[in-house]
Amino acid sequence: MYSVLYGSSRITLTSRSGTRLQRSELLLRDPGPRHRWTAPAPVLLGREEVLAGAWREILDGRSVEFHGPCGFGKSSLLRNIASGGRRSAFVRVGRNPREDVLQLLVDELYVSAGAEPVKYSGPVCRQLVRHARALIVLDEVPPGSRIPRQLADALPGCVLLVGGEQPVLGGGAAASRLLTGLPQDAAFELFVQSLGRTVRDAELPVVRRLLEVVRGRPLSVRQAAALVRAGYPVEAVAERAARGVRELERMSAGRLSGQERKALAVLAIVAGALVPGSWVAAAGDIAYAAQTLLSLHERGLVERPEDDRFGLPVCLQDSVRDLLLDAVSLSATVNGLADWLDDALDGGAHGLTGALEGAEGIVGLLAFAAERAEWRAVIRLAKIAEAALFAGRRWQQWKDVLEQGEDAARRIGDRASEALFSHQLGTVAYTEDRPEEAAARLRHALQLRVALGDTAGAELTRANLAYVEASGPGRGDGPDPARPNLLRRGLLWLAGLAALVVVIAAVRAAVAGRGGDDPSPGPQPVSSGPVAGGSPAPDGPSGGASGPRRSFSPGPGPVTSPSGVTSSRTGPSPGRSVVIIPGSSSSSSSSSSSSPCCSSRSPSVSKSPSASRSPSVSKSPSVSTSPSRSKGPIIRRPGRSSPGSGHDGDGEGVDGGRGDGKSPEPHMAPPGSMAPPGSMALLSGRPPVPQPPPQGLLPR
């Protein structure tokens, strides 16, 4: 049983009936960097100048691609650079879709922090890879693939190293290099190493001519040396090579034992994939697969980049497949691989890593079966491959395999298999944030399973359908927080805007109701800021920076307070947000000059500490006591000062100064408008400190 965490969901592969969707309460942690032991870089004969030039480009921050025909050593060159000491991620692109390539890069660079593996969405994978700033090595890129170009655009700061038969990066910031054959001396040294003995004097001219014919192609040099070592005269080898390098490949495949033919036939079916030796043994029913594969590697027919990973180069597929198709049975191969993969997924000797690498070969075998319309073999291969692809988080390839299996099941009327694939595709649609399609596929699977009497499968599908419908559009709890749902976010934005309008209308109504008997013009709303602790104006400071925050200001012209005090202020000026606390009454007959902080309009009097920035107001629409660098709203109690009196109640005028660096015009209210010290309180609850009256004015 395998489970994978995805967003707020846990997806578990419970049985042969499919996956189960459940809510996960685990807090996902960031993955940690993966520290791999890097083997020493292999020595490459004749590539010293190429390596030096590539490293110069990489250290300058430029991406590099090597292109050329198969067999010229691109993979060996890329592996040499990847093991050069810099943090790197080596990925073979091949048949993998772009999203799976991103997942492979994340697996190369990071290790999961929890016990359960985590599947990240495409944007999160790109962010993780971009943050690593590693050397991204992409090998065996198919001709015309857009994956390298897309990754180069999505991963700024990362340097790409690409290998393929044709250029794919498109120039610009990338350096494209055609990889040619080895120089004559390096090719001769490679021939001697592969031959295992020195070249005789009589053979020397023929060997030189042979190396010129194959143009220093490393694969052809190794194949020719293996043929001479097997007993072929060097003259015969050179004559066959003059007809074309394909003749050397056919000549090498012509003298194989029965076990070698089986092993090579299996690898030819899944050409381009690297699989473990045990996978080849299970697919071809080969007793001593390891020794057989090593023999093929020495002949130049099989590549072996790692100790227990073997594959046939794609360029050799056409040369040897037709010669070896009769060596294996497709049905026997499918049955052998099914048993091998079941053992791996059940925790056998191969484990999940081996199962994933074996699944790459199974995907190639599935395509081979589909070409021959072997639909039952396609269904069997899809069932055994989809479990490994799910557990390995190769979900784009998982989806492709499920769709091929569903198509094969419909062709032969296998309704039980169609129900399974439809159930799994419903899970895939849910992970892609397409709940409508997920629900439709699950309903189809449920209908099939109920009709077939599959009670356990129907119960599992019904539970997943309820889970998907409960987290559908508009509920705001989709499967992946990193994948935006534009409709859902738009609805949330409109709801927040409506709530803000309601709050503004309520505050305006409250202010208008309490100022109904005031003969002076009431406060006018100002659109440059929210009411009572709202967000700052768009042109104001952000991120907690201080700045003027406006809520209400009197209109132009003189303003008369209820006590008959006239203010000469005109036009709106920056002030503080005001919170009106109803139910409080006291005498309004107080002088604005009862403390120095009340005469903020006098240029000779500075502001008191009560007019400092309040640490008790947050920027959220609701008033809280969290720290903030902006000025806090002032609590005004009705009856002590009016909104239009020009004073904020804590000893500072509502305008708080002009805010333009210039001193305001001197202004002093009549004694009849003074308030006793400490009559107003800040949001923090501390009353202003009483100050002595200014000289020249006596308290009433």
Look up atom CG in D139 and atom OG in S75, then write down how far apart they are to the nearest 0.5 Å. 3.5 Å
Has the side chain of E247 got a donor or acceptor atom that lies under 3.5 Å from a matching backbone atom of A242? no
Which heavy-atom pair separates K383 from E386 by the least distance, and what is that distance? O-CG, 3.6 Å
Would you say S252's side chain and L248's backbone share a donor-acceptor pair under 3.5 angstrom? yes
For L21 and Y430, run side chain to side chain contact (heavy atoms under 4.5 Å, CB included): C-alpha distance rounded to whole Å, both residues' side-chain angles, the deciding distance at 0.1 Å, then the answer. CA-CA 10 Å; L21 297 172; Y430 176 76; 4.1 Å; yes
Near R376 CZ, under 6.0 Å, is it more than 12 heavy atoms from other residues, nucleotides or ligands? no
Tell me yes or no: between the side chains of H423 and T461, is some donor less than 3.5 Å from an acceptor? yes
If only atom types and distance count, is the side chain of T333 paired as donor or acceptor with the main-chain N or O of S329 below 3.5 Å? yes
Worked verdict on L264 versus L301 for side chain to side chain contact (heavy atoms under 4.5 Å, CB included): CA-CA 8 Å; L264 194 59; L301 294 175; 4.1 Å; yes
Please check if the side chain of R393 supplies one atom and the backbone of V118 the other of a donor-acceptor pair under 3.5 Å. yes
Got a sec: does the CD of Q447 have more than 12 other heavy atoms crowding it under 6.0 Å? no
Between atom NZ of K262 and atom OG of S257, what is the distance when rounded to the nearest 0.5 Å? 10.5 Å
Measure from the ring center of Y6 to the ring center of Y120 and say whether it is less than 6.0 Å. no
Salt bridge (charged side-chain N to carboxylate O under 4.0 Å, His left out) pairs touching residues 452-463, sequence neighbours excluded, are R449-D454
Are any side-chain N or O atoms of Q396 and backbone N or O atoms of E99, one a donor and one an acceptor, separated by less than 3.5 Å? no
Name the residue from I286, L293, T292 that meets the side chain to side chain contact (heavy atoms under 4.5 Å, CB included) definition with E260. T292
So, does S83 use its side chain to make a donor-acceptor pair with the main chain of N80 at under 3.5 Å? yes
Applying salt bridge (Lys or Arg N to Asp or Glu O under 4.0 Å) between E406 and each of R411, R441, R415, report the one that passes. R441
Residues that F390 engages under ring-ring contact (aromatic ring centres under 6.0 Å, His included), provided they are two or more places apart: W395, W398
Hey, is CG on D414 packed in by over 12 heavy atoms from elsewhere, all under 6.0 Å? yes
Check H297 against V302 and note the closest heavy-atom contact, atom names and distance. ND1-O, 2.9 Å
Within 6.0 angstrom of R215 CZ, more than 12 heavy atoms from elsewhere: no
K399 NZ to D100 CG distance, which is reported to the nearest 0.5 Å: 11.5 Å
Write down the atom of L312, the atom of A268, and the distance for their closest heavy-atom approach. CD2-CA, 3.4 Å
Any donor-acceptor pair under 3.5 Å from N335 side chain to S331 backbone: yes
Which residues satisfy the side chain to side chain contact (heavy atoms under 4.5 Å, CB included) test with A382, sequence neighbours excluded? L366, V401, F421
Gap between atom CZ of R243 and atom CZ of R250 - 0.5 Å precision: 12.5 Å
Nearest-0.5 Å distance, CG of residue L104 to CG of residue N96: 5.5 Å
Please find the pair of heavy atoms, one from A271 and one from P313, that lie closest to each other, and give the distance. CB-O, 4.4 Å
Let me see the working for L330 and L365 under side chain to side chain contact (heavy atoms under 4.5 Å, CB included), right down to the final yes or no. CA-CA 9 Å; L330 182 60; L365 188 59; 3.9 Å; yes
Measuring from S3:OG to I11:CD1, what's the distance to the nearest 0.5 Å? 10.0 Å
Does L169 offer a backbone N or O that forms a donor-acceptor pair with the side chain of R149 under 3.5 Å? yes
Check: N464 side chain, T19 main-chain N or O, donor-acceptor pair, under 3.5 Å: yes
Step through the shown structure and confirm whether more than 12 heavy atoms of other residues, nucleotides or ligands are within 6.0 Å of CZ on R229. yes
L128 backbone acceptor or donor facing Y110 side chain under 3.5 Å: yes
Do Q103 and D107 get their side chains close enough for a donor-acceptor pair, meaning under 3.5 Å? yes
